[in-house]
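So you know, we letter chains A, B, ... as the sequences are listed, proteins then strands, and number each from 1.
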Protein chains: 2
Amino acid sequence: MEHQLTESAMAEMLGGQRMTKQRRLVFDVVKELAPTHPTASTVYERAKLLMPSISLATVYNVLETLTEAGIITQVNIDREASRFCPNLHPHAHFFCDQCDSVFDVDLRERADAAEPWNLPNGSLIEQMNVAMRGICPECREKSDATN
Amino acid sequence: MEHQLTESAMAEMLGGQRMTKQRRLVFDVVKELAPTHPTASTVYERAKLLMPSISLATVYNVLETLTEAGIITQVNIDREASRFCPNLHPHAHFFCDQCDSVFDVDLRERADAAEPWNLPNGSLIEQMNVAMRGICPECREKSDATN
DNA sequence: ATTGAGATCAAGAATTATTCTAAAAAAGGA
DNA sequence: TCCTTTTTTAGAATAATTCTTGATCTCAAT
């Protein structure tokens, strides 16, 4: 968890923007639900329990604000709903086709995600997005047991 | 172009499914527009010129059929419209933020795209999706000249 | 050739995630 | 407090895609 921000660090990163109740709440919910990589509506459902007046539009707004401020990461796979992630490490995501779980995959020590790719000279990578689909260890174990 | 399919190879891959005029046409259009990585509606616009009766729904259907048959690849970046690509090499995509072009990035010889990633033991990768955003060599050159 | 079954296509409606709009509420500073 | 700016809210709008339904086409058996 060391790479999840504290609230004060978050306030910093917001720059001039205000640290509002809604922003704090959405951030907390994203952290709370981090292992599930929640979508905007999942965040909304959970946030509503804690602040019934919050609106879906606000959740979307805040998620965008936090993403732009570099406080959370937006994760996309195929054309599914975006998911959000408080992990600021450079990392990839693994999506299990069987149990629909998502988990973070860290970059190896000193590894370079671009290394295997034959980029044309002079390209400048600003962002890299790596997603894997497949079967997670838990599901493989289960299906092995069945066979 | 060696790794783009001929029509007969395509017919094979369709399995039981029929090689129809629409499927042939959509496939040809995707090949023709390959360097631009067209979206469904771009494919539709071009296809309509050659077969005015074709419908957008058919273009979507065919693109899905071809993708499922492994004849073309569906390429997603963030939540933008899907693009389609007849390149069947293992490859990544680079999206230029400045000129909005997309190009293929090949895997280096003998390289393994998963190598930099610290996958938990026992995961089975079925598909890997790598997208990079940044500035392409052409745009960098241009902006260098301006500065 | 004819016919029947199943595959495919066309057109438009429906869906889903997301963004936009406009007005109300909240926050900070003078 | 009052004014200005930011933020929030609710609902409308949008964009890409999928779904539905009836029409059309294909193939294979007659």
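Among the nucleotides D:dT8, D:dT17, D:dC25, the one closest to any side-chain atom of B:R18 is D:dC25. Taking only side-chain atoms of A:S55, from C-beta outward, the nucleotide of D:dA10, D:dT7, D:dA16 with the closest atom is D:dA10. If you check D:dT8, C:dA10, D:dT17 against the side chain of A:N61, the one that comes closest is D:dT8. If you check D:dT17, D:dT9, C:dC9 against the side chain of A:R79, the one that comes closest is D:dT17. Side-chain proximity of A:K21 to C:dT18, C:dA27, C:dA10: nearest is C:dA27. For B:A40, whose side chain is taken as the heavy atoms from C-beta onward, the closest listed nucleotide among D:dT17, D:dT7, D:dT9 is D:dT17. Residue A:A57 has its side chain nearest to D:dA10 when only D:dA10, D:dA16, C:dC9 are considered.
Under a 3.5 Å cut-off, the side chain of B:R140 and the backbone N or O of B:I135 do not form any donor-acceptor pair. No donor-acceptor pair closer than 3.5 Å links the side chain of A:R83 to the backbone N or O of A:V75.
Using modelled atom types, one finds no donor on one side chain facing an acceptor on the other under 3.5 Å when comparing B:Q22 with B:T58. Between B:D104 and B:H89, the side chains place no donor N or O within less than 3.5 Å of an acceptor N or O (distance only, hydrogens not considered).
Base contact: B:T58 has a heavy atom under 4.0 Å from a base atom.
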